[in-house]
Amino acid sequence: MKILLPSDNSIQEAADSLNRGDLIGLPTETVYGIAAVATNREAVLRTFELKRRPSGNPLIVHVSSMDQVEYLVTAIPEFARRLGEAFWPGPLTIVLPKSSTIPPEVTGGLETVAVRIPSHKVARLIIEATGAPLSAPSANLFMALSPTLATHIALEILEGLSLVIDGGPCDIGLESTVVDCAESVPTILRPGGISRQQIEAVVGAVSVNLPLERRAPGSYLRHYSPRTPFRLVDRLGPSDAGIVLTPPQNDNQIELPREPSRYGSMLYRTLFTLDQRGLAEILTEWPPLTPEWEAVWDRLRKAAG
Ligand code: AMP
Ligand code: MG
C-alpha cells in the first residue's frame with residue numbers, strides 16, 4: 001500500500017490498479033472513498049468485506065458525466081435530470097431504477113442504483129482514466145467516522161487497498177445528500193452536502209419524513225461515531241472536552257465556525273482529533289435548530305447513537 005499525491009502518473013497507476021480488480025483510496029469533495037470498478041463483482045464484494053459493511057447496505061456508483069449515467073439506469077425522470085443539471089458535479093446522489101450494467105452486489109439486491117458525479121477533480125480524473133463506473137463508499141469501517149483526510153483512513157482499511165491518492169482535505173466533509181428519484185415524488189433519504197432548500201428551489205416540494213419502511217437501506221440510528229463516548233449538550237463546562245461554538249475554556253475544547261457548511265467540513269476531522277486524545281467523553285454543543293444545519297444535526301445525532 002502506498003499513499004501518492006495526484007499526478008498524471010499516480011492517476012494512471014490508480015486506474016490500472018482498479019482495472020486489475022484492486023481497491024484504492026480516493027479523495028472526493030465529501031469524504032475519502034474506497035473505489036472499485038462497479039461492474040467487477042468480486043472487487044465489489046471485497047469492498048463490503050473490507051468495510052465490514054452488511055451486504056444489504058448499497059454502494060453509490062460514481063461516474064464523470066451525464067452520458068455515463070444513462071448506461072447505469074433504465075429511466076431518468078425530468079425532475080431527476082433537473083437535479084443532475086443543477087448539482088452535478090457535486091455532493092448529490094440520485095437513486096434511479098438500475099439497468100443490468102450494475103451487478104446486484106452493488107445495490108444490495110435492490111432494483112435501484114444510487115449514482116453521483118463527484119466534483120473533486122482527482123476523483124473525476126480517476127474515473128475517466130479507468131473508463132468505468134466506480135463504486136466508492138466512504139473509506140471507514142462500518143459505523144466509524146468517515147475520513148476527510150488521507151491520514152484519517154484506518155489501518156484496517158489501508159491493508160485492503162493497493163494505493164491511496166492523497167487529494168488533501170475534503171471540502172464538504174460530510175457525505176452526499178441522497179435523493180430517491182425512482183418514485184413519482186423526489187424523497188430525501190439522507191441529508192448532506194446539498195440542502196433541502198437548494199433541492200426544493202429546483203424541483204419544488206420534496207418528501208423527507210419517511211415512513212420507516214421507505215428509509216434508505218443502510219440508515220442506522222447509530223453511525224459515523226467516534227470510539228470515545230459522545231453526547232450533545234447545551235454548553236460545555238470549564239473542564240469538559242469536545243466541540244464548542246463559543247471560545248474554548250481549555251485545550252480539549254475545539255471551536256468550530258457558527259456557519260453550517262464550514263462547521264460540516266471540519267466536523268469529522270475534529271472528532272478524529274478528539275478521539276485520539278484518550279478522553280473519557282466528548283461533548284458537543286447543540287448547533288442552531290435551523291434548516292441549514294440539517295446535515296450537521298443528522299451526523300451529530302447519529303454519532304450520539
Ligand atoms: P456511503 O456510505 O456514503 O457509501 O452511502 C451509501 C448510502 O447511500 C447507503 O447507506 C444508502 O443509504 C444510500 N443508497 C445507496 N444506494 C441506494 C439505493 N439503491 N436506494 C436507496 N438508498 C441508497
Ligand atoms: Mg459511509
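Every value quoted in this text rests on a predicted model; they were computed, and no experiment measured them. We count ligands from 1, going down the list as the structure has it; atoms in each ligand are counted the same way.
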Any atoms of ligand 1 less than 4.0 Å from a non-hydrogen atom of [X]? List them with their elements.
X: Ile60; result: 5 (O), 6 (C), 8 (O)
X: Leu110; result: 18 (C), 19 (N), 20 (N)
X: Pro137; result: 4 (O)
X: Thr112; result: 18 (C), 19 (N), 20 (N)
X: Arg190; result: 1 (P), 3 (O), 5 (O), 7 (C)
X: Leu189; result: 21 (C), 22 (N)

query = Would you say the side chains of Glu128 and Thr130 form a donor-acceptor pair under 3.5 Å?
reply = no
ask   = Can you find a side-chain donor-acceptor pair between Asp16 and Gln12 that sits under 3.5 Å?
value = yes
query = For ligand 1, which part of Arg53 has a heavy atom less than 4.0 Å away: the side chain, the backbone, both, or neither?
reply = side chain
task = Supply the atom-to-atom distance Ser64 OG to Ile126 CD1, rounded to the nearest 0.5 angstrom.
result = 11.5 Å
query = Do Lys98 and Glu111 pass the salt bridge (Lys or Arg N to Asp or Glu O under 4.0 Å) test, and can you show the C-alpha distance, the side-chain angles, and the key distance before you say yes or no?
reply = CA-CA 6 Å; Lys98 84 172 196 65; Glu111 286 307 317; 5.3 Å; no
message = Any heavy atom of Asp180 closer to ligand 1 than 4.0 angstrom?
response = no
ask   = At the 4.0 Å heavy-atom cut-off, does Lys98 count as touching ligand 1?
value = no
query = Under 3.5 Å, is there a donor-acceptor pair between the side chain of Gln253 and the main chain of Val244?
reply = no
key: Any donor-acceptor pair under 3.5 Å from Thr177 side chain to Ile194 backbone   = yes
query = Is the Mg ion (ligand 2) less than 2.8 Å from an N/O/S atom of Asn140, whether that atom is in the backbone or a side chain?
reply = no
request  = Please examine the side chains of Pro191 and Val178, heavy atoms only from C-beta on, and report whether any two atoms are closer than 4.5 Å.
outcome  = no
query = Does an N or O from Thr107, backbone or side chain, lie closer than 3.5 Å to an N or O of ligand 1?
reply = no
ask   = In terms of ring plane angle, is the pair Phe272 and His152 parallel, tilted or perpendicular, where the classes change at 30° and 60°?
value = parallel
